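Okay, so here's the structure we're looking at.
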Amino acid sequence: MVLRIADAVSGGEVVPVETAHISGVSYFTIGEYGVEFLEFLASSGAKVSILTTSNPAAIDLSGLLQVDEKVVEGQSRISKALRSMGVSIFYTCAPYEFILTRPRTYHAWAESNAITYINTFRDSWSDKNPGPLALLGAIAGFVPKTALYTLDGRRPTAAVEVNIGPLGPLEAGVVGALIGERIGSGVPYIKGAVFADEESRREFAAALSTYSAMVFAVVEGATPNWRQYLELADFRDKIQISAEDIASYVRDVETPDVVYIGCPFADLETVLQIVAEVRGRGPTKRPVYISTSPGVYKQIQRLVEEVSGYNVKIFSGACLVVSPYTRRFRVIATDSLKAMFYIPKLHGVRVVPCRREECLELAYA
Ligand SMILES: C/C(=C\C(=O)O)CCOP(=O)(O)O
């Protein structure tokens, strides 16, 4: 099947890949037909031939997100099928946290934030492979050699100037979304962007690929080999992003039912910052949900228990985008542009953007 797809999309050429990361493994998003597809592959004896990880599921590791029995059963069938094919069911949208991909190595990843992160901040090479293709590629060990697996296909096509100062997570997300919306396709070459921290890089990568089809940007000074990319550049578009653009994107904040941090999964530093804040201030008035990766979650078990007494609910292996649990809320406040895009579409819940500090203020308001 991978060869047939390659005939259609890459002139029959394929590229061997070191790792794969599959998405579309939540029962909420793929439903019965998705489960049957995975069970069919598993029952045919298919096995992955390379390290293969999986995106978040509909339920979290410790059962914090209560969902109905049908979803629990469907999710467990998905886990069984994935496990029998040899997929690491380490449900995370931030596999780059523990798979330290090297520059100019090939990968078949399906989750857009993760692809954009490794393409942009590591110059590791992955195109956006649809979830089923990433899985078939993991079994075959290769995927179609589409443009982003070639240097020519990674040639910057749009010059973007961002002179705003250090970008926190929300600002970085807005910059990613604005570039995505204004350019839409191609490869942006970004000058002047300074990311305040790891969380900001994650939010930028997630937003760029949520608000456009792009999964690669060259960030001057940050992307490995950026000088070579600048030499190759063939700019057809030129845009500027200003502080005013960001301000106009962040509308008035309405009082939420809950605050949500962790789309993509929050890194350890972010979790520890929030823990320190609530330890100093006491229990929040509105719940704060934080999704983080299983690796981080397992290291902070004691803190997870402690802050649950402060109304802070840290969970892992699932997120509020792909879990039906989200439907119980009316309004969610978040610093994630990706959550802001998907939650209203998938769950019909309103989402308002806020900077991390403002989100926490809202939790105490
Ligand atoms: C629905 C989503 C993920 C999943 O089904 O695993 C979120 C959207 O993912 P993209 O990779 O940004 O399309």
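Model, not experiment: these values are computed from the prediction. Residue numbers run from 1 in the order of the sequence given. Numbering of ligands and ligand atoms starts at 1, following listing order.
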| request: Give the numbers and elements of all ligand 1 atoms closer than 4.0 Å to a heavy atom of A110. | output: 11 (O)
| field | N/O donor-acceptor pair under 3.5 Å between T223 side chain and W226 backbone | value | no
| query | Would a line drawn from the ring center of Y117 to the ring center of F204 be shorter than 6.0 Å? | reply | no
| Taking SG to SG, are C359 and C354 separated by less than 2.5 Å? | yes
| said: As an exercise, identify every atom of ligand 1 less than 4.0 angstrom from a heavy atom of K128. | reply: 10 (P), 11 (O), 13 (O)
| Quick one: does T29 get within less than 4.0 Å of ligand 1, heavy atoms only? | yes
| task | Among F28, Y325, F341, find the residue that satisfies the ring-ring contact (aromatic ring centres under 6.0 Å, His included) test when tested with H347. | result | F28
| Taking the inter-plane angle between the rings of Y211 and Y249 on a 0 to 90° scale, is it parallel (under 30°), tilted (30 to 60°) or perpendicular (over 60°)? | perpendicular
| query | Just which atoms of ligand 1 are under 4.0 Å from any heavy atom in E111? | reply | 9 (O), 11 (O)
| query | Would a line drawn from the ring center of Y229 to the ring center of Y189 be shorter than 6.0 Å? | reply | no
| task | Report yes if some N/O of S23 lies less than 3.5 Å from some N/O of ligand 1; otherwise report no. | result | no
| request: Return yes when S26 approaches ligand 1 closer than 4.0 angstrom through a heavy atom, no otherwise. | output: no
| Considering only heavy atoms of Y342, which atoms of ligand 1 have at least one such atom less than 4.0 Å away? | 8 (C), 12 (O), 13 (O)
| Is there a nitrogen or oxygen of V322 sitting under 3.5 Å from a nitrogen or oxygen of ligand 1? | no
